[in-house]
Each structure stands twice: as C-alpha cells, then as structure tokens.
Amino acid sequence: MKAALKEQILTVLAEIPPGRVTTYGRIAAMTEGGTPRLVARALRELPAGHGLPWFRVITASRRLAEHPGADEQRRRLIDEGVAFDARGRVVPERMWP
DNA sequence: CGTTTGACGCGGC
DNA sequence: AGCCGCGCCAAAC
C-alpha cells in the first residue's frame with residue numbers, strides 16, 4: 001500500500017482524542033484515496049508497541065469490528081469512559097468528529 | 001499472473 | 001432494525 005496514504009491514515013488516527021471514537025469510513029474520508037478496507041489493513045499491519053490509539057476505531061454501525069484484539073479494545077474504551085448501550089453499540093455522543 | 005481474502009460500507013429488501 | 005450481496009483493493013498464495 002502507498003506509503004503516503006498509510007502516513008495520512010496514521011496521522012488522523014493519532015488525532016483522535018481520548019474518550020472519543022471514529023469509524024474506518026470516516027478516517028478513510030479524511031485521507032486522499034483511502035477506503036475503509038485500507039484503513040483496516042493499515043491498523044492490522046501496525047507493529048506491536050506503537051503508541052497509536054488503534055482501539056478508538058469502530059465500524060460505521062458503532063460496533064467493534066471482529067478481530068483478535070476486540071476484547072482488549074472493549075476494555076480500553078471502557079477504561080477511557082466510552083459507554084456502550086445494551087446492544088453493544090457506542091453511544092453517539094462519543095463519536096469523533 | 002489469476003484467485004482468494006479480509007479490523008469495511010452501503011444500498012436493497 | 002438486521003441481513004445479504006456486491007464493490008472495494010492491496011497482499012498473500
């Protein structure tokens with residue numbers, strides 16, 4: 001994948017404030033030529049120990065995507081004060097922007 | 001080089 | 001309000 005695009009994706013990711021979440025699609029829309037799938041791929045390929053808030057990225061339906069780290073993601077979001085409704089969806093007020 | 005494969009999204013139904 | 005099908009596109013095979 002193009003280095004410039006990956007750089008943009010990671011830049012946007014780093015700007016998500018603590019306690020807020022955004023979607024793969026929104027991040028894609030803030031980049032040039034980005035698509036939701038490419039954003040997901042970029043996150044998947046992140047090396048361990050990077051400091052980026054990968055856990056603040058959720059799906060357009062405001063649920064957690066299915067992946068090996070979903071459990072940890074849910075914990076970390078709750079630790080940041082992100083609330084989930086009874087159906088497991090993040091409350092709209094926590095969406096960023 | 002053709003196929004398959006997804007941390008997705010959207011429009012129909 | 002969910003589910004399904006299709007589009008998407010770089011990577012792995």
Side-chain angles (χ1 to χ4, degrees):
Chain A
M1 140 165 163
K2 232 157 134 187
L5 174 57
K6 182 151 75 173
E7 189 177 337
Q8 283 185 56
I9 293 174
L10 299 185
T11 297
V12 174
L13 177 64
E15 292 173 348
I16 307 173
R20 308 293 299 283
V21 297
T22 192
T23 70
Y24 296 88
R26 286 196 192 188
I27 293 178
M30 293 181 226
T31 65
E32 300 178 64
T35 67
R37 295 207 95 108
L38 290 182
V39 172
R41 177 181 298 282
L43 292 191
R44 188 191 66 194
E45 292 174 347
L46 284 175
H50 59 70
L52 299 171
W54 57 271
F55 52 89
R56 298 188 191 134
V57 185
I58 63 177
T59 69
S61 58
R62 307 204 317 278
R63 297 171 183 279
L64 302 190
E66 292 187 38
H67 65 98
D71 272 334
E72 179 187 349
Q73 180 175 18
R74 184 170 46 248
R75 286 198 312 272
R76 296 193 62 173
L77 288 178
I78 292 176
D79 285 342
E80 284 195 336
V82 175
F84 291 78
D85 65 19
R87 294 170 212 180
R89 307 201 295 151
V90 171
V91 296
E93 294 75 30
R94 291 296 183 165
M95 298 297 295
W96 179 82

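Below, chains carry the letters A, B, ... as their sequence lines are ordered, and counting in each starts from 1.
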Does the protein touch nucleotides 4-9 of chain C at the base, only the backbone, or not at all? Give it as B, S and - per nucleotide, heavy atoms under 4.0 Å. ---BB-
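When the P atom of C:dA10 is taken as reference, atom NZ of A:K2 falls 9 Å away, rounded to whole Å. Following rounding to the nearest Å, A:E45 (CD) and C:dA12 (C1') show an atom-to-atom distance of 11 Å. The distance from atom CZ of A:R44 to atom P of C:dA12 is 8 Å, rounded to the nearest whole Å.
For the pair A:A70 and A:A65, the tightest heavy-atom approach, listed with the atom from each and the gap, is CB-O, 3.9 Å. When every heavy atom of A:G25 is checked against every heavy atom of A:P36, the shortest pair comes out as CA-CG, 4.0 Å.
Proximity of residues 63-75 of chain A to DNA chain B (heavy atom under 4.0 angstrom from any strand atom) is restricted to A:A65, A:E66, A:H67. Contact check of residues 13-28 of chain A against DNA chain C (heavy atom, cut-off under 4.0 Å) returns no residues at all. Taken residue by residue, residues 51-59 of chain A places heavy atoms nearer than 4.0 Å to DNA chain B at A:W54, A:T59.
The shortest side-chain heavy-atom distance between A:W96 and A:V21 does not fall under the 4.5 Å cut-off.
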Extract all donor-acceptor atom pairs below 3.5 Å that involve side chains of residues 3-15 of chain A and protein atoms in other chains or at least two apart in sequence.
unit_1	atom_1	unit_2	atom_2	d
A:Q8	OE1	A:E32	N	3.2
A:T11	OG1	A:E7	O	2.8

Kindly list each side-chain donor-acceptor pair under 3.5 angstrom involving residues 40-54 of chain A, sequence neighbours excluded, with atom names and distances?
unit_1	atom_1	unit_2	atom_2	d
A:H50	ND1	A:L52	N	3.0

Which pairs would a plain distance check flag for residues 79-90 of chain A, meaning a side-chain donor or acceptor within less than 3.5 Å of a matching protein atom at least two apart in sequence or in another chain?
unit_1	atom_1	unit_2	atom_2	d
A:E80	OE1	A:G19	N	3.0
A:E80	OE1	A:R56	NE	3.1
A:E80	OE2	A:R56	NE	3.2
A:E80	OE2	A:R56	NH2	2.5
A:D85	OD1	A:R87	N	2.9
A:D85	OD1	A:G88	N	3.0
A:D85	OD1	A:R89	N	2.8

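Screening residues 66-76 of chain A for salt bridge (charged side-chain N to carboxylate O under 4.0 Å, His left out) gives A:D71-A:R74, A:E72-A:R76 as the qualifying pairs, with residues at least two apart or on separate chains.
Qualifying side-chain contact (heavy atoms from CB on, under 4.5 Å) partners for A:T23, counting only residues two or more places apart in sequence or in other chains: A:R26, A:I58, A:M95. Here A:T59 pairs with A:S61 under the side-chain hydrogen bond (donor to acceptor under 3.5 Å, both in side chains) rule; sequence neighbours left out.
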